Every structure is written in C-alpha cells, then in structure tokens.
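Quick one: structure below, then a few questions.
Just so it is clear: chains get the letters A, B, ... in the order the sequence lines come, proteins before strands, and each one is counted from 1. Any value given below was found using the heavy atoms of this structure, including those in side chains, with hydrogens, waters and symmetry copies removed. As the structure is a computational prediction, the values presented were derived from the model and not from experiment.
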Amino acid sequence: MSRFELTDKTAIVTGGAGSGHGIGKSIALAFAAAGANVAIVGRHQESLEPVVAEIEALGRRAVAIVADVTDPNDVNRMVAETLDALGPIQILANSAGGASFGKPEEINPDEWTQSIALNLNGTFFCCAAVAREMIQHGYGKIVNIASSSGIKGEESMAPYAAAKAAVINLTRSLAISWAEHNINVNCVAPGRIQVPDHAIHGMPEPEYAKRQTEQSAEKAKPLQLPGTPEDIANAAVYFASPGSDLMTGETLVVRGSEWASAYS
Amino acid sequence: MSVFDLQDKVAIVTGGGSGIGEEISKAYARAGAHVVVAARKLERLERVAGEIREMGRESLAISTDVTVPEQVDNLISKTVEQFGRLDIFVANSGGGGFPPITEATLDDWDSQIGQNLDSAFLCNVAAGKVMIEQGTGGKIINISSTAGINLNPGLSAYAAAKAGMINFTKSIAVIWAAHNININCIAPGFTATPGIRKAGYVPDDTRKDGSKVPPLLMPNEPEHVADAAVFLASEASSHVTGELMIIRGMFHMERSDDVLRERAQLTR
C-alpha cells in the first residue's frame, strides 16, 4: 500500500462545503479519493449535501454535520455525531475560516472578535475536542489550514492574518503537547488561490475583480499564478497520510513563486 | 494513478549509495521512477542499482564527485544519454567533519562548504539547464539539515553550508518558476541511518520502565525523509516551490531520564 493512502480512515473536514475558495470541499474529496470516509462540517445543511453525494459516488461513506465551529457545544456534538456515523476519528482537517476586508483603522471591535473566533477559536475548539478522542486510541493526524498571510501579514485583512499567524503557532504547541500520544499536528498555508467563477462571501467586488485579472495573466507559468484548491488538498492528504509520520508542528506554504514579494 | 506516483519519471539521487540517499532512491523506484544513483564509491551504488532493477525499474550507477563540475556534467549527460530526459534531481550528497573551531583552517572550512554547498550549486544549475532545455518543467530537491536552521556547535561549517543551501533554494525557485521547475529543501533532523545506528547513537525505543517511546519521540527513520522526497517529486506538490520541509518529529522534546542519559553520552 502506498504511503499516501488513507484507506478506511475516518476524517472530519470543517468548512467542508467549500463556500469560499472551495478548499474544504476539495480536501474532503481528496481524502475520500485516498480511501477515507469523511464527516463534512459546515453551517448549512443544503451546501453540505452535494459534497456528501460526491463522496458517496467515490464509493466512500460520508455524513453531513451542521455545526458552528465557534461554539464549543456544537464542536462536541460534531465529534459525537462523527463517532456514531463513522467510528473512531483518525484525521481532522480544520478548513473552516474566512476573511473580512477593510483598512485596519476602520475595523470595528465586533469584526475583529468575529474573525478571531472563526479563524482561531474554531480551530482550537476542534483540535482539542477531536484530540481528546484521538488520545484514547494513541493515533491522530491534524491538518490546520492557515494562510501565507499569517506569515507575511496582509494589507486589507489584518484580523484574518493575525488569527492565521496564531494558528501556525498553536499548531506548534499542540504538536509538542500531543507527540506523546502519537498525534501529528501540521499546517498548510495557502498563498493566493484562484477565485471561483462566483463571488466569494465577504470579498469586496474590486478585490474579486483584481484577483480574476491576476489569474488570467498571459504567458505566466502555473508557478507564477494563484494555486488551486486541489494544490491545498494534495498537501492535506500528505499530512493526513503515513507519509508524514515524523513531521509535526510544521507549516508547509503552498504558494508557487509568490516568494518574490517582500516580507515573505 | 495517484498524484503521488512517479511513474516512468527519470530521477538522479546523489549520495544514493547509502543512508538517506539510498532510501530515497528505493522509494522513487517503488513509486515508479527510473533512478540514477551517484556517489564516489561505485561498489555501494552498484548494490543499490541492483536492488532497484530487481523492483522492475531501470537504474544506473555513476561514480561522481559532486564537487567537480566536469563530473557533475558527466552525471547529467550520461543520464540523458541513457534515458532521454531528466525529471527529478535530488542533491543529497554531503557530510560533516570539522576540527575544534580554534584549530580549524580555511582549508577545513572550504572543504565543508565545498562538499555541502558548492555541490548543491553545481548540481542544481546543471540539472536546471537540462530541465529548461526540455521545456517540461522539473523537480529539484535539496537535502539540507536541521543544523542549517538552528546550529551545530561541533559542525559549525556544515551548519553554515546547510543554511546557505536553504537560502539558495529560495532564490533559484523564484528564478526558475518561469520554467515550471519546483525547487525545495528538506531538512531532516537526527535520522537513524544504518551508519548512525551502527555507531550506537540511536536510543532504545523502550523506556527503562518498560513503556514504548512513541514514534514521534524517536529519531527519524530514513524512510520518513524519503516519503517527503517522494511528495516533493510528485504532482501533489506542483504549487510548492522555494519551501523547506523539516522532518524531525519531537525527539528533541523527549524528556525521559533514559533519553537524557543517552544524549549526554552522545555529546560527551
């Protein structure tokens, strides 16, 4: 068996409806293609159901769980429902998250608090609740989806970037704490990802238009363009698989040659 | 076919005759690649090449000193002559050895930089030129070390060279993005190669109270480094370039008394 297979593993993917760039959905499908059964978590039943159908079409089992990751009670229920439907959990991918856009000096305190809650608190609540379960079995793979903005900062997304930086650091602390229990905790930090052909919730129209233009640059090679949700999903499969057994607390940045920009 | 497969790709692995390089070579063959192994000692290379052929993949053993430009060029041209192309290059040759710092000469320093950093420059550029000419992209993987991120008091020149390799990787990754060549680094931490194991540096995986040390608190096995090298050579990492993957578990965080004792012995 390949070192990159997830045959008969049970995975939870938050943000699995893929309502933003589609990363969560792509991860859920890639996990299923690698052999896993998947619990897909999101806030709206109707957006989860098509993903469940796609996974079942791949011959794997899937369950849709409506939960708000910023609510610890919802997160505990998410774990219980996954155990009921699919059995012991070996993999967690925290892909729920989202950015708000605006000048830092104009952000109101509620926006700040909401962004930290969604991108940082939600990730921590899910890690802790699932790890309590993984510790019982002495095995687990946790993949947190951060962002390159959590490394280099971002002009118009300060709360999001700060929360993602915290996720990268949280990943290290959890990795140190849970190595004794054979739980790997790693991060994938996407750079720019191609925007889908529908508007992204919360992204202002000028920003959306700018990104659409960016990704259609003529003569540019793939490494010079924004990545795809599949690029992130492939890295998530790597961190969920035995192929990364001795890697923990690390962050893999998936961003082509965006390196060329300052502060990277 | 999985995005992690290397079916019919042509790879060169330097330092492929032993340790981590041997494991990478075999992992590539298992993933479907044909593998050219290069190092100075032909005998070791022939053994690895033989094992790869037994797996049903083609292999070539080419004796090479990677600090000599002509020999690096020869390695590349022989590979292209035999297989018609080059898809993957792993710059894995290198090694540490340095006198106490106050006794070290410029020759000692140059030798370490030559072996660990000049070799990467020569190999990366020679491989990149062929990949650019082919026009179908490529994958270059530089094997650095956690010494290049932190430090190593006993091997300061080695650590400096490995740090240089990490930084060099980033610059050429940006330059060659226009040719779809991915260039990344792997920094293995303490790895239980057969040589290291034989020298008695690998602690027991059972604690003195009888409990097992969890794998994440043990040194890497060479296969763990090879897995990362397969990922970086495959389509699964096609948008990853200029990056560093650190493979080291949490061995450095293991605090049980037995390991502390063993480690004290190691640094004595």
Is atom NZ of K25(A) surrounded by more than 12 heavy atoms (other residues, nucleotides or ligands) closer than 6.0 Å?
-> no

Salt bridge flag under 4.0 Å for residues E221(B) and R197(B) = yes

Contact part of D5(B) toward chain A, heavy-atom cut-off under 4.5 Å: side chain, backbone, both or neither?
-> neither

Is any side-chain N of the basic residue among R3(A) and E223(B) closer than 4.0 Å to the acidic one's carboxylate O?
-> yes

Ion pair check, K139(B) and D87(B), cut-off under 4.0 Å | no

Let me know if P219(B) has heavy atoms under 4.5 Å from chain A in its side chain, its backbone, both or neither.
-> backbone

Can we say D8(A) and R61(A) salt-bridge, meaning some charged N sits less than 4.0 Å from an Asp/Glu carboxylate O?
-> no

Using a heavy-atom cutoff of under 4.5 Å, enumerate the residues of residues 181-190 of chain A that contact chain B, numbered in order, or state 'none'.
-> N182(A), I183(A), N184(A)

In terms of ring plane angle, is the pair F168(B) and F121(B) parallel, tilted or perpendicular, where the classes change at 30° and 60°?
-> perpendicular

Engaged part of I175(B) at the chain A interface, taking heavy atoms whose separation is under 4.5 Å = neither

With a 4.5 angstrom heavy-atom cut-off, which part of S238(B) approaches chain A: side chain, backbone, both or neither?
-> both

Is it the backbone or the side chain of A30(A) that comes under 4.5 Å from a heavy atom of chain B, or both, or neither?
-> neither

Would you say I142(A) and W178(A) make side-chain contact, with heavy atoms under 4.5 Å?
-> yes

Which residue out of V3(B), V230(B), N180(B) racks up the most heavy-atom pairs below 4.5 Å with chain A?
-> N180(B)

Audit row: Q90(A), H137(A), side-chain contact (heavy atoms from CB on, under 4.5 Å) steps and yes/no | CA-CA 9 Å; Q90(A) 287 88 25; H137(A) 300 276; over 6 Å; no

May I ask you to say whether R192(A) pairs ionically with E214(A), meaning some side-chain N is under 4.0 Å from a carboxylate O?
-> yes

Just give me the residue among A31(B), S2(B), A178(B) that pairs up with chain A most often, heavy atom to heavy atom, under 4.5 Å.
-> A178(B)

Answer yes when E207(A) and R211(A) have at least one side-chain N-carboxylate O distance shorter than 4.0 Å, and no when they do not.
-> yes

Selection from N234(A), V254(A), L246(A), D231(A) maximising heavy-atom pairs under 4.5 Å formed with chain B | L246(A)

